[in-house]
Amino acid sequence: MNELSTTLLTCALWAYVAGMVGALVFQRAERLANGIGFGLAAVGGCCGVLSCASALATGAATASRSFELFPSLIPYVRFSIHADALGCFFGMIVSLLSVALSVFSLGYARGYYGRKNVGVLGALFNVLLLTTTLVFLADHAFFFLIAWEIMALSAYCLVSFEHEHEETRSAGVLYFVMSHIGTCCIILGFLLLFQASGSYGFDSFHALGDKLSVGQRNAVFLLFLFGFGVKAGMVPVHIWLPAAHPVAPSNVSALMSGVLIKTGIYGMTRVFFDFMGTPPNWWGVTVLAIGTISAVLGVLFALMEHDLKRLLAYHSIENIGIILMGMGAALMFLHSGHSMLASLALIAALYHTINHASFKALLFLGAGAVLHATHTRNMEEMGGLAKRMRWTALFFLVGAVAISALPPLNGFVSEWLTYQSLLQGFGTTTSLIRLMFPLSGAMLALTGALAAACFVKAFGIAFLAQPRSEHARHAHEAPFTMLLGQGILVAACVWLGLFPTVFLKLLDPVTQQLTGQQLSQQLSLAGGLVLSGGSAQGGTVSTLGITLMLLCLLPVPLVLWVLFARRSRTRIGPTWDCGLRGLTPQMEYTATGFSKPLRMIFKALFRPRREVQREYDFSPYFTTTLRFESHVEEMFQTRIYRPLRWLVLRASRRLRALQAGSLQAYLIYIFITLLLLLMFAL
Amino acid sequence: MKVLAILLQTLLLLALAPLVSGCIKNWKAKLQNRRGPRPWQVYFDIAKFLRKDMVISEHASWIFSFAPYVVFLTALLAGLMVPMINTPAPLSLFGGVLAVVGLLALGRFFLALAGLDPASAFGGMGSSREMTISAIAEPAMMLAIFTVAITAGSTDLSQIAQSTQSATWKLLNPAHVLAFAALFIVLLAETGRIPVDNPATHLELTMVHEAMLLEYSGRYLAFMEWGAAIKQLVLMTLLLNVFFPVGLAGPGDGAAALGISLLAYLGKLLALSSAVVVVETTNAKLRLFRVPDLLSAAFVLATLALLSSFLFQ
């Protein structure tokens, strides 16, 4: 890493620190705290993007050395930073989002004036950004864990920011508990690695896996898969995610869905590809299977939601699944020694990581703007917002198209790369396991189509047709800073979608570091216009070409218009109402109704229950009052977590006998523990 | 040369699509002992729609006016990526089968949004059903396509067609037969044919595609109808030239070969259209919740195709 990027990186970190301190100092003056807190976060983000992107583009990231942030006085702990290619890539994601989200927050936090402490919000936001960046850049296991823990705690505080609601408090606690179970596993994993290497530095862990015994390797794999999987929100340890993300302030939800869960992905990439050497086959199979299941279940549960932010949170699970599919395939290819395909699959996973960060953050910001305007997260009370919030609607639509993996935006490109790596994977082995590739490809297709259905619902119900409530009727467009924040992410989505071959150059150092291959030359054809799947025969796509061709074909309908319809007029009239006296919002299709067919088709999974109470005077066809309730079961909640919680509670009730309150008893416990530990050590 | 190929295929798509729809309508009527509309009636319909005034719902937003162009153009562009009478297809470099599926999905996305836009319950119902059916059709379609793509080692449709044309190709290769069967079912679902949707209904509670178009009139309706016809033609062409690339002209062939190829293509199109007609006439429309059974049958067929390609390799 050259001088300039290092300086910029340090600037970014200090900007976050200054933002935190500034926001706390001026917390009495709300406007100033808002400006300083989020303004400095935006500055930090800009520095971070410039630093990481330039390090990746110039190849400086490959040659970078670690340096100590500040000298440590504790043995075994070093506060050292190493901005290598992988760290830079993730650092770029967090910095990019930091810019967009901070600009958005400048407007969004105004909604809290007089209600909540904006200074604290800004400070915690900066802490979260700072620690997330440090997680990506830390070069030492202890430093990593410290950053990881502060990140988890500040995220907990932000989730519980609106703690006056019962729902928020319980979601916060759930997040706290799950997060720490995960951290526990990660610590154990690092201890195992330490045992083998004798040092906590990440450089000493490099390719350590080949030196471990089989049992240790597998234990490390499982511990890290579980530990980082909790943070990433993979099924079945995802339950905290749909609870915690919606209740947080929207800018925080965007940050959590965009970056925080990516720390899990980062951890897995770091450990599986950097530390563990050549993986056994079942690792890849496991990750691919978990990814496929997460993708399908995530989107299916998202379809059942009519809370806009919960719906988006479930989509995060889906997208983590898609990322894991790429990663699992890459692990399988590493096992079979196909390093070129491994790089392709890894590129697909990492590309989807930055794509998901940009469009999911965009969608959460859109949801935040809607929440700001309508004061509800329930889609059944929105509607008609496309006319009242023109820009927000347009931006949300871009995000919806991108997340549904439709051309020409970025979601399509990364899923296309995933398809390519899965299809080419079929030829890498002759065992029956290769059927997994096309089958997960088919499940990816199902996921994409269901995501499209879900976003037709989300956009169609929330933004189109008539407003369904008074709040929606009087909705107003978001202030300029909020729109600007979304606009930055829209630009990112479009750029990542239209110019994949340019972006792939940034991934070269990353794949060079992890798989020893650079693919950007091979994947780019026709001067960068066309993206190929490794070879010209294998399949090509050009999102830019598609966009340009769509524009070239536009004259066809326009000429027809001029030829035939020159004299036709356009009238505005009422929607056809079957002869009734006008349509009311109650007659519109609802979000629940929209997803009803899928609820019925997958009823074995959802176990829908509904209760209908109707009162009528003379005939059941003329109901006077109607009460309708419909529930969908989150099967992991009822099948796994509820029994588990019950077990834990029962066990702790038994253990309570130990805690008798007498000091003598406690001293005996301590003594016995000490004795046991001594015996164990000798 | 390239530009000429693009222009020719665009014209062919535009001209042929209404004729195929018209022929299917006409033959269906004949098979049911009705006289039916003339095969070229669809051209007159489109011309008439184009000239008519439009009524746009007061509740509709810009999506409503934007969607017809998206539907029309994505179908047309997808058609340019599928080889019709010669390989490679004019735009095969810009995208293979994944891009074709993606473009059609983009059109469907906007069509479904446009269905919700005018605040009518019919439109919402149509959108909901369309997205549901397409979602469960998608894995079957992709798996069937993957089976052929893996055999050909490419997702590029022109490459796939060329590899099926090669000497080792056998008509009754079980993997191909099964994949074809799966894709044929998907074709029925995607083009809104009986037994999945009835293209002849208006204002019934069973309609899917027509429900989304209910509020359209004038030239927007023309674009929507024409776009749907082009989409149908694209999917049929994909099916024909991937599984029966008989007579398909190659990269260096002259005008004579292209002519023969065109005739062969028209012949194959006739055969496939009559298959659709026979299926539509001999079957009743399925209840909505029976459609998943049909589509899971397609998925099973596609899985079997994959397995057999694995076994008989």
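The sequence lines fix the lettering, A, B, ..., with proteins before strands; numbering per chain opens at 1. Values below: every heavy atom of this structure, side chains too, minus hydrogens, waters and symmetry copies.
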Show your reasoning for whether ring pair (Phe, Tyr, Trp, His ring centres under 6.0 Å) applies to B:F146 and A:Y419. CA-CA 10 Å; B:F146 286 169; A:Y419 278 126; 5.8 Å; yes
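If you measure heavy-atom distances from B:I133 to chain A, you find no contacts under 4.5 Å at all. Residue contact with chain A, scored on non-hydrogen atoms closer than 4.5 Å, involves the backbone and the side chain of B:L77 alike. The part of B:L91 that comes within reach of chain A is its side chain, from C-beta onward, which places non-hydrogen atoms under 4.5 angstrom from that chain. There is no contact between A:L303 and chain B, counting heavy-atom distances below 4.5 Å. Within the 4.5 angstrom heavy-atom criterion, atoms from both the backbone and the side chain of B:M54 approach chain A. Contacts between A:L529 and chain B at a heavy-atom distance below 4.5 Å involve the side chain alone, from C-beta outward. Contact of B:L157 with chain A is not made at all, since no heavy-atom distance falls under 4.5 Å. Using a 4.5 Å cut-off between heavy atoms, B:F223 touches chain A through its side chain atoms alone. A:T430 touches chain B through its backbone: at least one of N, CA, C or O sits under 4.5 Å from a heavy atom, while the side chain does not. Contact annotation for B:P292: only side-chain heavy atoms (C-beta onward) come within less than 4.5 Å of a heavy atom of chain A. Using a 4.5 Å cut-off between heavy atoms, B:A60 contacts chain A through its backbone alone, with no side-chain atom that close. Of the two parts of A:F455, the backbone and the side chain both hold a non-hydrogen atom closer than 4.5 Å to a non-hydrogen atom of chain B. Heavy-atom distances place both the backbone and the side chain of B:S120 under 4.5 Å from chain A. Looking at B:S92, the atoms closer than 4.5 Å to chain A (heavy atoms on both sides) all sit in the backbone: N, CA, C or O. Using a 4.5 Å cut-off between heavy atoms, A:F594 touches chain B through backbone and side chain atoms alike. Of the two parts of B:F64, neither the backbone nor the side chain holds a non-hydrogen atom closer than 4.5 Å to a non-hydrogen atom of chain A. For a residue to count as touching a neighbouring chain, one of its non-hydrogen atoms must lie under 4.5 Å from one of that chain's; by this rule B:A140 does not touch chain A. Both the backbone and the side chain of A:V456 have a heavy atom closer than 4.5 Å to some heavy atom of chain B. Using a 4.5 Å cut-off between heavy atoms, B:I145 does not touch chain A at all. For a residue to count as touching a neighbouring chain, one of its non-hydrogen atoms must lie under 4.5 Å from one of that chain's; by this rule B:M141 does not touch chain A.
Distance alone, capped at 3.5 Å, is enough to place a donor-acceptor pair between the A:E380 side chain and the A:A591 backbone. Between the A:R473 side chain and the A:S469 main chain, no donor and acceptor come within less than 3.5 Å of each other. With B:S163 contributing its side chain and B:A152 its backbone, the two residues share no donor-acceptor pair below 3.5 Å. Here the side chain of A:Q466 pairs no donor or acceptor atom with the backbone of B:H59 at under 3.5 angstrom.
Listed options B:G115, B:A302, B:A99 were ranked by heavy-atom pairs under 4.5 angstrom with chain A; first place goes to B:A99. The greatest number of non-hydrogen atom pairs below 4.5 Å with chain B, out of A:A565, A:A526, A:G573, is found for A:G573. Options A:L439, A:L550, A:L583, A:T447 differ in how many heavy-atom pairs under 4.5 Å they form with chain B, and the most are formed by A:L550. Taking chain B as the reference chain and counting heavy-atom pairs below 4.5 Å, the highest number among A:C454, A:S404, A:G384, A:S542 is found for A:S542. The greatest number of non-hydrogen atom pairs below 4.5 Å with chain B, out of A:A452, A:G448, A:A451, A:A386, is found for A:A452. Among the candidates A:A465, A:G460, A:G545, the residue making the largest number of heavy-atom pairs closer than 4.5 Å to chain B is A:A465. When B:L113, B:L143, B:V291 are compared by the number of non-hydrogen pairs under 4.5 Å with chain A, B:L113 comes out ahead. Among the candidates B:G96, B:P118, B:P68, B:S158, the residue making the largest number of heavy-atom pairs closer than 4.5 Å to chain A is B:P118. Between chain A and the options B:M131, B:R129, B:E130, the largest number of non-hydrogen pairs under 4.5 Å is found for B:M131.
Heavy-atom contacts from other residues, nucleotides or ligands closer than 6.0 Å to NZ of A:K387 number more than 12.
Separation of atoms CG (B:L73) and SG (A:C552) is listed at 11.0 Å; rounding is to 0.5 Å. Atom CZ of A:F606 and atom CD1 of A:I601 lie 10.0 Å apart (nearest 0.5 Å). Here the straight-line distance linking atom CG of B:L93 with atom CE of B:M81 works out to 10.0 Å at 0.5 Å rounding.
Geometrically, B:R51 does not engage A:F564 in a cation-pi contact, judged by NZ or CZ lying under 6.0 Å from the ring centre and within 45° of the ring axis.
Using cut-offs of 30° and 60° on the angle between ring planes, the pair B:Y69 and B:Y220 is perpendicular. Between A:W391 and A:F395, the angle of the ring planes lies from 30° to 60°, which puts this pair in the tilted group.
Each of A:I322, A:T292, A:V296 was compared with A:L444 under the side-chain contact (heavy atoms from CB on, under 4.5 Å) criterion, and only A:I322 meets it. No option in B:V70, B:D117, B:L116 other than B:D117 meets the side-chain contact (heavy atoms from CB on, under 4.5 Å) test with B:I63. Looking at B:F72, B:F109, B:F110 one by one, the single match for ring-ring contact (aromatic ring centres under 6.0 Å, His included) with B:F66 turns out to be B:F110.
A donor-acceptor contact under 3.5 angstrom links the side chains of B:T87 and B:Q162, judged on distance only.
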